[in-house]
Amino acid sequence: MKIVNIEVNEILDSRGEKTLEVVLTDENYNKASSQIPKGKSTGSREAVSLGYQKAKENLKEKILPEVLNKEFNTITELDNFLLNLDGTKNKANLGGDLTLGVSISFARLLAQKNKKELWEILREEFFQDENNSTPPRIFANMINGGEHANNNLAFQEYIVVAETKENVKKTKESLLKFYNALNEKFKKEIGSEKISLGDEAGFCVNLKNSEEPFFILEKMIKEDFSESNFKIATDIAANSFYKDGKYIIDDKEFDEPSLVKYYTTLFKKIELFLSIEDPFYENNPESFEKLKNLLDNNKIIVGDDLTTTNLNEIEKFKKSINGIIIKANQIGSLTETALAINTAKNYDIKTIISHRSGETDDCFLIHIAKASNAYGVKIGPPQRERILKYDELIRIYD
Ligand code: PGA
Ligand code: ZN
């Protein structure tokens with residue numbers, strides 16, 4: 001297939017920040033586009049986002065002269081071409097936002113040409129061994145803290161995890177019921193004027209301390225949602241409260257060993273606890289490993305800022321984790337995202353395909369999840385702009 005044009009448009013994400021839409025045209029004048037989400041609590045090893053102005057310049061000066069009218073038959077061919085053209089470790093030359101946009105739009109053109117869904121094209125090229133079609137577990141954060149909320153909670157996400165038993169529509173309905181019940185509880189106990197929403201549509205409230213949300217979620221699940229089989233997860237996003245070798249939680253200072261102890265004690269108290277993401281600073285893989293070895297085998301230690309969807313980091317840190325967050329814009333191409341997923345799977349690391357706090361209308365993450373038969377998707381609660389990801393799950397699974 002030949003690309004005859006690439007355009008970028010400046011659009012806004014769900015936080016109202018600028019991001020990219022990338023539109024590709026093929027030799028038959030078919031068009032396909034993609035929109036790139038944007039993170040706020042980012043890992044330092046993530047691919048660089050250069051934004052619209054730079055994307056426009058890079059397209060004109062560096063990409064279009066090299067790419068136009070060349071034949072690319074697979075996503076891998078195009079991505080590897082761009083990877084070489086970029087020549088850096090973190091897409092600092094071309095911008096990971098732009099390269100990912102080109103990659104996804106190209107995959108969509110291939111899908112159109114073959115009259116297939118994006119997920120089918122991805123499965124054929126990267127995940128041939130997958131034939132299971134069980135919906136992924138949904139990680140829906142209900143309460144926000146950390147950098148995603150303006151409140152007193154140190155941890156970024158307090159998550160309810162739902163497994164689909166009947167169909168995704170039913171799962172969405174029970175998560176929505178939970179969300180509304182939590183809203184009612186906060187209105188009654190805290191007052192509606194003191195409730196706002198965090199960046200990913202979870203509730204932003206001030207509570208007694210950073211542990212209290214876990215107990216609130218567990219109590220509600222046990223008392224009112226016992227049929228639903230919900231579990232509890234968290235994204236600690238510890239980068240945000242780490243400084244000079246110390247972690248500050250609720251005005252208390254922790255070093256590595258005392259934080260390991262804090263987590264093991266906390267999670268002994270929460271029966272429904274399933275997984276913990278980024279419990280330590282991104283350059284402390286030893287502490288991840290220590291915690292992993294102390295918790296039961298069925299608990300999941302998830303890397304996000306630690307691993308940044310990067311094959312090399314996964315190789316380095318594979319002993320530290322048994323779960324991983326996959327975000328295509330952390331690495332900047334579908335090919336490298338698929339490589340990260342397949343590497344993780346080789347090491348029995350569970351994959352959770354994730355949104356970003358600044359989201360767009362684009363639901364490519366759901367297609368990556370379906371193509372690769374992911375363990376989970378992290379998509380927020382069924383509220384506001386996050387609903388789109390639920391609708392796409394329902395469309396392609398139910
Ligand atoms: P981000 O946060 O999209 O703001 O980086 C999400 C996460 O840390 O998982
Ligand atoms: Zn995270």
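Since we're looking at a predicted model, the values are computed, not measured. First listed ligand is number 1; within each ligand, the first listed atom is number 1.
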Open item on the list: Is it true that Glu315 and Thr343 share a donor-acceptor pair across their side chains at a distance under 3.5 Å?
Closed with: no
Task: With Glu157, the side chain to side chain contact (heavy atoms under 4.5 Å, CB included) member among Asp278, Asp235, Ile143, Thr234 - done: Asp235
Open item on the list: With respect to Glu277, determine whether any N or O atom, backbone or side chain, lies less than 3.5 Å from an N or O atom of ligand 1.
Closed with: yes
- [ ] Scan Ile300, Asn322, Asn297 and name whichever one has a side chain to side chain contact (heavy atoms under 4.5 Å, CB included) with Lys292.
- [x] Asn322
TODO: Would you tell me which option among Gly380, Pro37, Ser357, Gly146 has the nearest heavy-atom contact to atom 4 (O) of ligand 1?
DONE: Ser357
Open item on the list: Exactly one of Phe178, Phe225, Phe273 should register a side chain to side chain contact (heavy atoms under 4.5 Å, CB included) with Leu217. Which one does?
Closed with: Phe178
TODO: Starting from atom 8 (O) of ligand 1, find the nearest protein heavy-atom neighbour and note its residue, name and distance.
DONE: Gln156 NE2, 2.9 Å
Task: Sub-4.0 Å atoms of ligand 1 with respect to non-hydrogen atoms of Gly39 - done: 1 (P), 3 (O), 4 (O), 5 (O)
- [ ] Return the name of the atom in Asp304, of element N, O or S, nearest to the Zn ion (ligand 2).
- [x] OD2
Open item on the list: With a 4.0 Å cut-off on N to O distance, would you call Glu200 and Lys378 a salt bridge?
Closed with: no
- [ ] Can you tell me, to 10 degrees, how wide the angle at the Zn ion (ligand 2) is between OE2 on Glu277 and OD2 on Asp235?
- [x] 90°
Task: Pairwise distance NE2(His367) to CD(Glu392) - rounded to 0.5 angstrom - done: 3.5 Å
- [ ] With atom 2 (O) of ligand 1 as the reference point, say which of Gln330, Lys378, Arg356, His148 has the nearest heavy atom.
- [x] His148
TODO: Consider ligand 1: state whether an atom of it lies below 4.0 angstrom from any non-hydrogen atom of Ser41.
DONE: yes
- [ ] Look at ligand 1 and say whether Asp304 reaches it with a heavy atom at a distance under 4.0 Å.
- [x] yes
Task: Polar contact flag for Asp235 and ligand 1 (N/O pairs, less than 3.5 Å) - done: yes
Task: Identified side chain to side chain donor-acceptor pair (under 3.5 Å) partner of Ser41 from the options Arg356, Glu147, Gln156 - done: Gln156
Open item on the list: I'd like to know if Glu173 pairs up with Lys169 as an ion pair, taking the criterion as any Lys NZ or Arg NE/NH1/NH2 lying under 4.0 Å from an Asp or Glu carboxylate oxygen.
Closed with: yes
Task: Heavy-atom proximity to atom 6 (C) of ligand 1, best of His355, Lys327, Glu359, Lys40 - done: Lys327
